[in-house]
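The structure appears right after this line, and notes come after that.
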Amino acid sequence: MTTQGLQANEQGHLVLGGVDTTWLTREYGTPLVVYDVTTIRRQIQEFRTAFERSGLRYQISYASKAFAAIAMYQVVDEEGLHADVVSGGELYTALQAGFPVRDLSFHGNNKSLAELEMAVENHVGVIVLDNFHEIDLLQRVLLAQQTSCDVMLRLTPGITAHTHRYTQTGQIDSKFGFDVASGQATRALQKVLAIPQMNMIGIHAHIGSQIFGVTGFELLVRKLMAISAQWRDQLGVIPDILNLGGGFGIAYTATDNPLSPADFVQQITSTLRELANQYQLPLPEVWIEPGRAIVGPAGYNLYTVGSRKDLPDLTAYLSVDGGMGDNIRPALYQAQYSAVLANKMNEPLHETVHLAGKYCESGDILIDQLGLPRSEPGDLVAVLDTGAYGYSMASNYNRNPRPAIVFVEEGRTKLVVRRETYADLVRLDRHYE
Ligand code: LLP
């Protein structure tokens, strides 16, 4: 988002979900993570509307690594979406939320035996197989528990998405999935077909994250339809589901220009129809796994301004009471964000500062060049669009407690994750003597 769509009240305070942010921070303290649930629902609805128009059979599965908390799984369930989990911890959280376990997919490139046992015991809807070792492990688990399960095969399609190197996953040398080019994918399929306890329902690929254009998805659909045709001809098997993963980009700054969910879905649909026709294949069901696009624009990190360092004729550092512990993305990916002074929304811009965090790292700069009104200690900074991979990648670096999380919706407020305390920080520690 840019700063334009934001709402302020007469006092010039940023209002989120009908709630004054200065009230929120008086009530819950800072740093504080706020989600506007209306935005989450709206983002979901955009994807849904696009698919409804497409006429395809489809499933939207929220990639919960973007933000996993009990309350979030509850909202996702209320909206009738599926979700995917990538660890025993995410699965546990979803179970605690009462999320319908049949609507979960389990991902990961190194699922442990214990995680597979947990998934099978709880009847997770689909296990997305990533590698040969995992096929063996899962077979062991299914035999031991005398049961069967639905699986998909994660393929490495050999597509390099135009995004940060750390968030590319579909390129040929990726650590994820069965490589298509070398024939690994076909061998994996043959192996799975020979295991009666595994029911192969589809193929999956994820090309990367924060992708702005449709080309990667178009290439992906082409690759997956080509392999479907090849498998039909060689083995008489046609995957019923194509899971295209996530990666739909969002705007963090005014220069970001991602396509809308409707554009992505439209391109996927037209390519799919063309290829189904060309290969004489039935139209598959399409699954997507958006994470960032659902929660990113809904999240805000609120901080209190503290110290300031002015270097005459050079620059100024304005420090806030959070930073890389609650949002590692600027330090890790050079990610850019927009921010506002939430208690002075009506004041003119006065200067450009480095918005610095409080962590003991020179790299702990949340925003490199931020235009702000005249500020003083005690002011409130709102960093925008922090809802994806912010709290979910948070740490206790420097033994700072992680922030609280509040959901706001149409004037209502609910604390959904409480702030960590110092006692929480030492709860796992044991004295040496
Ligand atoms: N499906 C699979 C198999 C994935 O690996 C991912 C993300 C998604 C779906 C969701 O992607 P999204 O729609 O959120 O882009 N920590 C990085 C992003 C890592 C994404 C990992 N996989 C960041 O902060 O940018």
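Basis for what follows: all heavy atoms, side chains included, without hydrogens, waters or symmetry-related copies. All ligand and atom numbering here is 1-based and tracks the order in the structure.
For Tyr92, the OH atom is loosely surrounded, since the number of other residues' heavy atoms within 6.0 Å does not exceed 12. Shown here is Arg57, whose CZ atom has more than 12 heavy atoms of other residues, nucleotides or ligands within 6.0 Å. Atom CD of Glu218 sits in a crowded spot, with more than 12 heavy atoms from other residues, nucleotides or ligands closer than 6.0 Å. For CZ of Arg308, the number of neighbouring non-hydrogen atoms (other residues, nucleotides, ligands) closer than 6.0 Å is greater than 12.
No part of Ala66 comes within 4.0 Å of ligand 1, judged by heavy-atom distances. When heavy-atom distances to ligand 1 are checked against a 4.0 Å cut-off, Tyr333 comes that close only through its side chain, counted from C-beta outward.
Per-residue contacts place His204 under 4.0 angstrom from the following atoms of ligand 1 (heavy atoms of the residue considered): 3 (C). Heavy-atom proximity to Gly246, at under 4.0 Å, picks out these atoms of ligand 1: 1 (N), 9 (C), 13 (O). Ligand-side atoms of ligand 1 in range of Ala63: 8 (C), 9 (C), 10 (C), range being under 4.0 angstrom from any heavy atom. Atoms of ligand 1 found under 4.0 Å from any heavy atom of Gly291, numbered from 1 in the order shown, are 12 (P), 13 (O), 14 (O). Counting atoms of ligand 1 from 1 in the listed order, those under 4.0 Å from a heavy atom of Arg154 are 3 (C).
Between the choices Arg329, Lys65, Glu289, His107, the shortest heavy-atom distance to atom 5 (O) of ligand 1 belongs to Lys65.
Backbone and side-chain nitrogen or oxygen atoms of Pro290 are examined, and none is located within less than 3.5 angstrom of a nitrogen or oxygen of ligand 1. Close N/O approach between Asp84 and ligand 1 is not found [any backbone or side-chain N/O within under 3.5 Å]. Backbone and side-chain nitrogen or oxygen atoms of Met393 are examined, and none is located within less than 3.5 angstrom of a nitrogen or oxygen of ligand 1. Considering backbone and side-chain atoms alike, Arg292 places an N or O below 3.5 Å from some N or O of ligand 1.
Taking the centre of each ring, Phe248 and Phe217 come in below the 6.0 Å mark. Here His107 and His206 keep their ring centres 6.0 angstrom or further from each other.
Side-chain N/O atoms of Asp379 and Asn343 include a donor and acceptor closer than 3.5 Å.
Distances from ligand 1 to the non-hydrogen atoms of Gly247 include at least one value under 4.0 Å.
Under a 3.5 Å cut-off, the side chain of Asp321 and the backbone N or O of Thr304 do form a donor-acceptor pair.
Using a 4.0 Å cut-off between charged nitrogen and carboxylate oxygen, Glu52 and Arg48 do not count as a salt-bridge pair.
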